[in-house]
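Encoded as structure tokens, the structure appears first; notes follow it.
Quick note on labels: first sequence line is chain A, next is B, and so on, each numbered from 1. Predicted, not measured: the structure shown is a model, and the values here were computed from it. Side-chain atoms are counted along with the backbone in the values below, which use heavy atoms only and exclude waters and symmetry mates.
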Amino acid sequence: MIAARLQSEPFDSAIVQAALLAGRTDLGAAVAFTGLVRADEGLVALTLEHYPAMTLAQMQAIAADAAVRWPNTIGTIIHRHGRLLPGDSIVLVVTASPHRAHAFAAAQFLMDWLKTKAPFWKREEWADGTTRWVEAKGIDDAAAERW
Amino acid sequence: MIAARLQSEPFDSAIVQAALLAGRTDLGAAVAFTGLVRADEGLVALTLEHYPAMTLAQMQAIAADAAVRWPNTIGTIIHRHGRLLPGDSIVLVVTASPHRAHAFAAAQFLMDWLKTKAPFWKREEWADGTTRWVEAKGIDDAAAERW
Amino acid sequence: MMQLLYFAWVREMVGTDSETITLPADITTVAALLDWLATRSPGHAAALADRSRIRIAVDQGFATPATPLNNPREIAIFPPVTGG
Amino acid sequence: MMQLLYFAWVREMVGTDSETITLPADITTVAALLDWLATRSPGHAAALADRSRIRIAVDQGFATPATPLNNPREIAIFPPVTGG
């Protein structure tokens with residue numbers, strides 16, 4: 001089971017990981033990936049727009065796909081929306097598995113698919129008052145293609 | 001810079017990750033890998049023996065190697081020794097990088113090398129009173145060979 | 001009657017986040033819908049000018065230009081996603 | 001005079017975690033050292049019987065059977081590592 005959550009509030013990765021591992025005795029490996037707002041020179045804020053009716057459903061579909069590919073792996077994915085500041089956390093992917101290779105692979109798969117399949121759009125606000133929509137990166141498509 | 005620590009005490013991955021990220025503004029991705037004692041049926045405890053004069057030096061050499069391979073990546077690795085119980089954490093590898101591919105790669109590299117190059121030996125204690133030294137796995141050697 | 005939704009810079013260029021339309025009977029694919037929408041206003045035309053930068057969801061599932069339209073209730077038009 | 005260190009089941013089979021020895025002058029490689037050590041006791045012989053399961057560090061750096069011995073201060077003998 002890989003659960004998905006969509007929220008504007010911050011998350012605490014330690015609490016999420018502890019909740020995921022609680023009561024399980026067969027897990028030898030946990031991977032927690034955190035995506036952060038990089039404080040690129042002059043960046044004031046990042047706003048994540050999303051598609052309310054579709055985004056969580058898409059996250060759940062990606063999670064279900066990962067759970068089929070790695071049946072022994074459990075996880076939680078959390079994606080924030082709204083206005084975030086440099087250094088803030090954007091996304092959390094926690095996976096846990098009997099063996100580390102599966103925990104790493106599932107976490108990378110989930111991140112690659114969140115980057116290319118979850119309907120979020122990032123708008124940057126700069127110190128000079130301009131705003132800019134972040135362009136999708138070919139490298140993210142390439143990363144998602146490998147699965 | 002990737003720091004290495006060897007200790008018998010538990011660690012708090014959230015505190016380690018927060019310390020790693022503190023004061024840095026160029027990091028978009030953090031990966032925290034935790035290795036845990038799996039509660040295999042009948043396992044009472046796991047004791048990690050190490051080679052005091054060599055183990056920390058070897059961990060530092062592995063960390064320095066990773067820092068050369070991924071120059072933008074920072075990290076902290078912590079390996080415990082002594083007697084641990086099912087569910088206890090054994091090892092922590094936290095990496096952070098401007099981009100997620102490097103953070104994931106460095107964390108996997110560090111784990112593969114800790115598994116095959118750091119002088120630790122695990123002895124299992126079972127409920128029937130027997131003890132058994134864990135055998136090295138060919139799959140770990142294969143994982144380390146890919147780098 | 002169906003709902004059109006716009007996100008990110010598509011929303012900004014079209015000038016609204018949603019509109020309710022009646023789909024003409026001869027619009028039977030996503031590609032035909034985009035061609036028709038591009039005639040509705042200069043904003044629509046500008047937003048849809050470069051189709052390589054446009055992504056579509058029909059009833060909340062990703063679609064392609066060739067996707068047929070069978071009484072959709074909701075079509076969303078947006079740039080390539082940039083979450084994560 | 002040099003120090004030999006044993007770890008894990010090598011330590012248990014040899015029956016001690018360390019011993020101080022004087023290296024015979026004709027022992028000039030790791031492989032020769034292992035052959036010579038195996039003659040010291042039944043425990044040594046048993047521990048070193050399957051060389052494929054033995055790993056060596058000379059002065060705290062990993063070594064191979066072919067590694068030459070140039071006045072080492074410390075040689076450790078142990079099974080393949082199982083940390084992480």
Side-chain angles (χ1 to χ4, degrees), chain B residues 4 6 33-38 46-62 77-82 84 89-93 107-124 130-144, chain D residues 1-21 23 30 33-34 37-38 42-84:
Chain B
L6 175 64
F33 176 89
T34 307
L36 305 149
V37 181
R38 269 203 320 273
L46 198 65
T47 297
L48 276 138
E49 183 169 330
H50 73 294
Y51 180 175
M54 182 175 174
T55 304
L56 182 60
Q58 191 66 22
M59 291 171 64
Q60 289 167 333
I62 292 164
I77 62 181
I78 301 177
H79 205 302
R80 295 177 69 188
H81 60 85
L84 304 175
S89 298
I90 303 170
V91 60
L92 176 69
V93 169
Q108 288 177 283
F109 169 86
L110 286 163
M111 277 309 304
D112 288 344
W113 284 81
L114 286 171
K115 285 264 177 192
T116 54
K117 290 291 178 188
F120 291 97
W121 301 274
K122 290 193 184 105
R123 191 186 61 202
E124 297 168 335
T130 60
T131 66
R132 190 181 71 180
W133 290 96
V134 173
E135 291 281 325
K137 293 197 215 87
I139 193 173
D140 287 326
D141 293 325
Chain D
M1 299 279 284
M2 54 161 292
Q3 193 81 357
L4 288 170
L5 303 178
Y6 305 109
F7 293 100
W9 54 254
V10 174
R11 169 175 56 72
E12 291 179 341
M13 292 176 79
V14 170
T16 183
D17 61 2
S18 67
E19 48 186 335
T20 303
I21 62 160
L23 197 64
V30 165
L33 172 68
L34 296 179
L37 279 177
H44 287 80
L48 302 176
D50 181 354
R51 298 290 162 86
S52 74
R53 300 179 70 213
I54 294 294
R55 299 290 180 273
I56 306 289
V58 175
D59 288 332
Q60 299 160 23
F62 286 109
T64 69
T67 300
L69 300 180
N70 300 312
N71 274 320
R73 284 161 302 145
E74 179 175 300
I75 295 183
I77 305 177
F78 45 78
V81 304
T82 57

When you compare the side chain of [Y] with that of [X], does any pair of heavy atoms fall below 4.5 Å?
{"X": "D:Val81", "Y": "B:Trp121", "value": "yes"}
{"X": "B:Arg123", "Y": "D:Glu12", "value": "yes"}
{"X": "B:Gln58", "Y": "D:Gln60", "value": "no"}

Decide if atom CG of D:Asp50 counts as having more than 12 heavy atoms of other residues, nucleotides or ligands within a radius under 6.0 Å.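 Yes - once you tally the heavy atoms of other residues, nucleotides and ligands closer than 6.0 Å, there are more than 12.
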For D:Arg55, which atoms come within 4.5 Å of any heavy atom of chain B: side chain, backbone, both, or neither?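 For D:Arg55, neither part sits under 4.5 Å from chain B.
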In terms of heavy-atom pairs under 4.5 Å, which option from B:Lys137, B:His79, B:Arg80, B:Met111 contacts chain D the most?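 Looking at each option in turn, the highest pair count goes to B:His79.
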Search all heavy atoms of B:Ala53 against all heavy atoms of D:Glu74 and return the closest pair with its distance.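 Minimum heavy-atom contact is CB-OE2, 4.3 Å.
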Which heavy-atom pair separates D:Thr82 from B:Val134 by the least distance, and what is that distance?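 In terms of heavy atoms, the two residues are closest at CG2-O, 3.3 Å.
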Distance from B:Met54 atom CE to D:Phe62 atom CZ, nearest 0.5 Å?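 Reported value, rounded in 0.5 Å steps: 4.0 Å.
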Ring-plane angle category for D:Phe7 and B:Tyr51, please: parallel below 30°, perpendicular beyond 60°, tilted otherwise.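 Tilted.
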B:Lys117 versus chain D, the contacting section by heavy-atom distance below 4.5 Å: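 It is both, since atoms from each part get that close.
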Side chain, backbone, both or neither: which part of B:His81 has a heavy atom under 4.5 Å from chain D?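 When you check distances to chain D, no heavy atom of B:His81 falls under 4.5 Å.
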